[in-house]
Peer 1: 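My structure is below; once you've seen it, I'll send some questions.
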Number of protein chains: 2
Amino acid sequence: MISLSAIRKTYGMEQPLEVLRGVSLEIPDNDFLAIVGPSGSGKSTLLHIMGLLDRPTSGELHFEGKNVAQLSDDELSGLRGSSIGFVFQSFHLISHLSTLENVELPLFYLRVPPGKRREIARECLHRVQMDHREKHLPTQLSGGECQRVAIARSLVTHPPLILADEPTGNLDTKTGSEIFRIFTDLHEEGHTVVIITHDRGLAARVPHRVGIMDGLIVDGGAA
Amino acid sequence: MISLSAIRKTYGMEQPLEVLRGVSLEIPDNDFLAIVGPSGSGKSTLLHIMGLLDRPTSGELHFEGKNVAQLSDDELSGLRGSSIGFVFQSFHLISHLSTLENVELPLFYLRVPPGKRREIARECLHRVQMDHREKHLPTQLSGGECQRVAIARSLVTHPPLILADEPTGNLDTKTGSEIFRIFTDLHEEGHTVVIITHDRGLAARVPHRVGIMDGLIVDGGAA
Ligand SMILES: Nc1ncnc2c1ncn2[C@@H]1O[C@H](COP(=O)(O)OP(=O)(O)OP(=O)(O)O)[C@@H](O)[C@H]1O
Ligand SMILES: Nc1ncnc2c1ncn2[C@@H]1O[C@H](COP(=O)(O)OP(=O)(O)OP(=O)(O)O)[C@@H](O)[C@H]1O
Ligand SMILES: [Mg+2]
Ligand SMILES: [Mg+2]
């Protein structure tokens, strides 16, 4: 599914800040991977590169066998829209759209007709126990509710790859494990799932774990 | 410090949604209180009312002995600016200001001179281990770094009351406990601290705990 070799990422401030310093990682089809590491260590930066949302400063990235450096921005956004479901750490819901409209948006871009769009969006909202807040705007939802809406939105296109950045950070233990169960189910259904988590208990339940420390991949630690 | 009696909060959608259904709670000076409860149960709504950011639909709220219903909006914002430090669940940093400028902003409203402002802001950034990102804009910070900047901002006015909504939700276990230590220290220095947390381990370390379930206060559970 994804193959990263010697990936570096530098942000160009007055003094350049090298966040990823040579990351190599193979993620086969139907993998279930957890990425752990301290705050500021480069986890979200790595996930954005894997999700074709940002280009690395140097190194090679292959996605479904294609060398990403040779793809145009349009080809990248086509791949993203059809093959990748992304759950951002800060949700990024569109504030003037309702819960249902936010969730159906990826299907709107794929030109799925309105009736079908709404039916799939409602199914995904039900899966994250949010069918009771369909008409609310994001400002009328709690932190954990926004997070669950963002998860539902990442599922509507039934993408082969799901990337989730702290999907349970704003959830209580019980809701958190119910949501985690969804990711385990998706993995069993054949999807490739990569999640970033600070929750040691959840990370221990994921079959494949890696750590990030100062921009380099380290052992993910015992379960 | 705060006394709540029979507080209700209803949001006026097509079908009114009653989120708080009669909350009564006494928070004495120098209390250290944790509020726990499932996602969507009304925790942030309660904290916003305690923090004078929102008015209850009915019920009585006394802050430092004053009946809040009799205060004007200007008096409320004066009290907020000088007596309350608030850490929002979604940080609410100002995107075009640097880390340092975001942290010194509450002091700017209190007309503290620039040199003194900067000195206090740098001290608070050091306290949350963020002195190395002073010039970054919020979009150039990680999730956990934004959270720590928001905590530093809530401390600069040295407020008697600190209200924090999931202050460690985006932090790894190690950074999370270091930040939690700051709240324990502030409590020992005489501040009144109220935190919302999903982290059972942290909630167990707080002397006073209450739960919220369906808009009513319940027992906070054993440590
Ligand atoms: N402006 C609003 N209009 C309508 N409903 C709202 C509004 N704000 C919040 N709500 C609803 O009120 C309920 C309580 O929200 P609140 O943010 O207090 O929950 P919470 O306990 O903090 O949850 P979390 O742990 O997910 O942050 C939620 O179900 C939410 O949908
Ligand atoms: N646009 C940017 N410009 C400059 N520096 C940046 C930018 N984005 C991120 N950084 C820096 O890169 C580092 C890594 O950020 P990243 O968001 O990947 O961390 P993280 O591991 O996800 O942390 P957290 O657990 O707090 O979310 C941080 O120290 C941050 O300050
Ligand atoms: Mg991150
Ligand atoms: Mg909340």
Side-chain angles (χ1 to χ4, degrees), chain A residues 11-15 17 19 36-45 47-48 88-93 98 128-130 132-148 165-166 168-176 178-179 196-201 203 211-213 221, chain B residues 11-15 17 19 36-45 47-48 88-93 98 128-130 132-148 165-166 168-176 178-179 196-201 203 211-213 221:
Chain A
Y11 289 108
M13 307 281 289
E14 295 112 62
Q15 303 111 342
L17 180 73
V19 174
V36 296
S39 171
S41 55
K43 300 183 297 297
S44 295
T45 303
L47 207 72
H48 286 185
F88 293 93
Q89 190 168 2
S90 45
F91 321 139
H92 295 316
L93 297 178
S98 73
V128 298
Q129 308 155 25
M130 279 299 295
H132 63 307
R133 291 286 184 264
E134 215 177 79
K135 295 203 182 73
H136 281 231
L137 297 176
T139 51
Q140 300 174 324
L141 295 173
S142 79
E145 290 174 335
C146 284
Q147 188 153 49
R148 284 183 276 161
D165 197 342
E166 305 278 358
T168 64
N170 277 287
L171 299 174
D172 55 283
T173 323
K174 183 166 164 295
T175 317
E178 285 160 8
I179 292 293
I196 290 176
T197 182
H198 290 315
D199 185 324
R200 296 249 159 247
I212 286 197
M213 199 55 100
Chain B
Y11 288 110
M13 308 280 288
E14 295 112 59
Q15 304 113 342
L17 179 74
V19 174
V36 295
S39 170
S41 56
K43 301 183 297 295
S44 295
T45 303
L47 206 72
H48 285 195
F88 293 93
Q89 189 169 4
S90 44
F91 321 139
H92 295 318
L93 298 179
S98 73
V128 298
Q129 310 155 25
M130 279 299 292
H132 62 307
R133 291 284 183 264
E134 210 176 84
K135 295 204 184 77
H136 282 234
L137 297 174
T139 50
Q140 301 173 325
L141 295 173
S142 78
E145 290 174 338
C146 285
Q147 189 152 46
R148 284 182 277 159
D165 199 342
E166 305 276 2
T168 63
N170 277 289
L171 299 175
D172 55 285
T173 321
K174 182 164 164 293
T175 317
E178 286 161 8
I179 292 295
I196 292 175
T197 181
H198 290 314
D199 185 324
R200 293 249 162 252
I212 287 196
M213 196 57 100

Peer 1: Under 4.5 Å heavy-atom distance to chain B, tell me which part of S44(A) shows up: side chain, backbone, both or neither.
Peer 2: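 Neither part.
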Peer 1: Nearest 0.5 Å, what's the CG-CD distance between L17(A) and Q140(B)?
Peer 2: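 L17(A) CG to Q140(B) CD: 9.5 Å, rounded to 0.5 Å.
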Peer 1: Heavy-atom pairs under 4.5 Å with chain A: which of S142(B), S39(B), P38(B) has the most?
Peer 2: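 Heavy-atom pair counts peak at S39(B).
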Peer 1: Could you tell me the separation between the CG atom of D172(A) and the CG atom of D199(B), rounded to the nearest 0.5 Å?
Peer 2: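 One finds 12.0 Å between CG of D172(A) and CG of D199(B).
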Peer 1: For T173(A) versus R200(B), what's the shortest heavy-atom pair and its separation?
Peer 2: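 Looks like OG1-CG, 3.7 Å.
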Peer 1: Could you go through E166(B) and N170(A), starting from their C-alpha distance and side-chain angles, then the distance that decides it, and tell me whether this counts as side chain to side chain donor-acceptor pair (under 3.5 Å)?
Peer 2: CA-CA 8 Å; E166(B) 305 276 2; N170(A) 277 287; over 6 Å; no
Peer 1: Given heavy-atom pairs under 4.5 angstrom as the criterion, report whether the side chain, backbone, both or neither of S90(B) touches chain A.
Peer 2: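 It is neither, since no heavy atom gets under 4.5 Å.
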